[in-house]
2 protein chains.
Amino acid sequence: MKILLNSLAEPTRWNIVELLKKGPLAVGEIAEELGLRQPQVSKHLKVLSEAGIVAVHPIANRRVYQLNPEPFQELQEWAESYRHLWEERFDRLDDYLMKVEKRGEKEK
Amino acid sequence: MKILLNSLAEPTRWNIVELLKKGPLAVGEIAEELGLRQPQVSKHLKVLSEAGIVAVHPIANRRVYQLNPEPFQELQEWAESYRHLWEERFDRLDDYLMKVEKRGEKEK
DNA sequence: AATTAATACTTCTTTACAGGAATATTCCTC
DNA sequence: GAGGAATATTCCTGTAAAGAAGTATTAATT
């Protein structure tokens, strides 16, 4: 999960991912679309690939990159695990305050 | 969104967030729990705060930090926007291949 | 087989940022 | 208001990683 987040955090890689959201593209197309140099794109794609975010499909002498669905599903589930914050927010703070109070009494 | 991802990507900050998931905590408690020095914790909390991920509640001379729900909701929705990848995956690759074919013919 | 296009792999430089240590600030308590 | 916690800020150093430019590799076409 940390690797996943780290890979997506870099702005250029994020742009690549957002671009691939519309559909698979070859390296050169990505470079042109985003105004980047080809080597940088390849490097970023390597990172994304190692994080399992993209998959490669060699077609002739091109390499077509495509998004994998799994990481995004994983990310969604992780964010979803914070759903309880919606409701319990204030209760939690109150709980904490009461704990602090009690601890203060003990220490006296 | 980029700022949000970037803030969560850093391992220590991710640990802090995972810790705060269980409930609000003061700076010193976070430091102790994670075996970190107080200044680093404050620094990371500042980043998290500027990203809107945490909120502060000053209590006496302590500062209690708590997770904000919104960023996680936002993150979940963003990941959800990639849901179409689940189904359309192979269709998209086929589409791309057909586009490439057609383009090849044109250029001749 | 030679040439060319597309992509990956170096090497180098530079920048961003995390950690460490010391210091400053804030806010209680006496 | 002085002393002491708890927390924030500052300055420094080291390091990881992104960008640039050149080079190597792979594959297709003739």
Side-chain angles (χ1 to χ4, degrees), chain A residues 2-17 19-20 24-51 53-66 96-97 99-101 103-108, chain B residues 2-17 19-20 24-51 54-66 96-97 99-101 103-105 107-108:
Chain A
K2 292 184 188 180
I3 291 178
L4 173 59
L5 285 173
N6 191 50
S7 304
L8 292 173
E10 208 282 325
T12 299
R13 281 196 292 269
W14 193 79
N15 289 336
I16 291 177
V17 168
L19 182 59
L20 289 180
L25 287 176
V27 178
E29 293 173 313
I30 299 174
E32 191 185 6
E33 192 82 18
L34 299 179
L36 301 172
R37 319 221 171 228
Q38 176 266 319
Q40 334 285 13
V41 175
S42 283
K43 235 194 279 191
H44 284 303
L45 285 171
K46 188 179 182 183
V47 176
L48 289 173
S49 179
E50 284 170 351
I53 298 176
V54 297
V56 203
H57 300 275
I59 312 255
N61 61 347
R62 299 189 179 181
R63 309 200 72 182
V64 178
Y65 282 85
Q66 184 184 29
Y96 180 84
L97 293 183
K99 268 194 296 186
V100 173
E101 292 274 314
R103 196 179 311 151
E105 286 167 12
K106 274 185 194 169
E107 285 167 2
K108 279 190 179 168
Chain B
K2 292 183 190 180
I3 290 177
L4 173 58
L5 286 171
N6 191 51
S7 304
L8 292 172
E10 208 281 325
T12 300
R13 280 196 292 269
W14 193 80
N15 289 336
I16 291 176
V17 168
L19 181 59
L20 289 180
L25 287 176
V27 178
E29 294 172 314
I30 299 174
E32 191 185 6
E33 190 82 18
L34 299 179
L36 302 171
R37 319 219 169 232
Q38 175 267 319
Q40 333 289 9
V41 175
S42 284
K43 255 190 271 187
H44 284 302
L45 285 172
K46 187 179 182 184
V47 175
L48 290 172
S49 180
E50 285 170 351
V54 298
V56 204
H57 301 276
I59 312 255
N61 62 349
R62 297 190 181 181
R63 309 200 73 185
V64 177
Y65 282 86
Q66 185 184 30
Y96 180 84
L97 293 182
K99 269 195 296 187
V100 173
E101 292 273 316
R103 195 180 311 150
E105 286 169 11
E107 284 166 2
K108 278 191 179 171

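In what follows, chains are A, B, ... by sequence order, proteins preceding strands, each numbered from 1.
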N/O (side chain, A:Thr12) to phosphate O (OP1/OP2, D:dA18) under 4.0 Å:
no
Show the numbers, then the answer: is there a side-chain contact (heavy atoms from CB on, under 4.5 Å) between A:Leu25 and A:Leu20?
CA-CA 7 Å; A:Leu25 287 176; A:Leu20 289 180; 3.9 Å; yes
Any side-chain N or O of A:His44 under 4.0 Å from OP1/OP2 of D:dA17?
no
Using a heavy-atom cut-off of 4.0 Å across all strands, would you classify B:Lys43 as base, sugar-phosphate, or nothing?
base
Take the protein atom CG of B:Asn15 and the nucleotide atom P of C:dG19, then report the distance between them rounded to whole Å.
10 Å
Ignoring hydrogens and geometry, is there a side-chain-to-backbone donor-acceptor pair from A:Arg13 to A:Ser7 under 3.5 Å?
yes
Write down the distance between CD1 (A:Ile30) and C1' (C:dA8), rounded to a whole number of angstrom.
14 Å
Integer-rounded Å distance: D:dC12 P and B:Arg37 CZ
20 Å
What contact category does A:Pro39 fall into here, base, sugar-phosphate, or nothing, at under 4.0 angstrom with non-hydrogen atoms?
base
note: A:Asn6, atom CG; C:dA18, atom P; distance rounded to Å ~ 11 Å
Find the bend of the helix from C:dA1-D:dT30 to C:dC30-D:dG1 as the angle between its two terminal axes (five pairs each), to the nearest 10°.
20°
Do B:Tyr96 and A:Glu29 pair up side chain to side chain, a donor and an acceptor below 3.5 Å, judged on atom types alone?
yes
With a 6.0 Å cut-off (strictly less than), is the heavy-atom count around NZ of A:Lys46, excluding the residue itself, greater than 12?
no
Which residue lies toward the 5' end of DNA chain D, A:Ala60 or A:Leu36, if each is placed at its nearest nucleotide?
A:Leu36
In this structure, how many angstroms lie between the P atom of C:dC27 and the CG atom of B:Asn61, rounded?
10 Å
On the nucleotide D:dA18, are OP1 or OP2 found under 4.0 Å from the side-chain N or O atoms that A:Arg13 carries?
yes
Tell me whether the side-chain N/O atoms of B:Tyr65 come closer than 4.0 Å to OP1 or OP2 in D:dA8.
yes
Looking at A:Arg63, I'd like to know whether one of its side-chain N or O atoms comes within less than 4.0 Å of OP1 or OP2 on C:dA8.
yes
Looking only at side-chain N and O atoms, does B:Arg62 come under 4.0 Å of OP1 or OP2 in C:dC27?
no
Find the distance B:Gln40:CD to D:dT9:C1' and express it as a whole number of Å.
12 Å
Taking CD1 in B:Ile3 as the centre, count heavy atoms belonging to other residues, nucleotides or ligands within less than 6.0 Å. Is the count above 12?
no
From CD of B:Glu32 over to C1' of D:dA5, roughly how many Å is that when rounded to an integer?
15 Å
Indicate, yes or no, whether a donor-acceptor pair under 3.5 Å links the base of D:dA6 to the side chain of B:Gln38.
no
What nucleotide, of D:dA18, C:dA8, C:dC17, holds the atom closest to the side chain of A:Ser42?
C:dA8
Whole-Å distance separating the CD1 atom of B:Ile16 from the P atom of C:dA18
11 Å
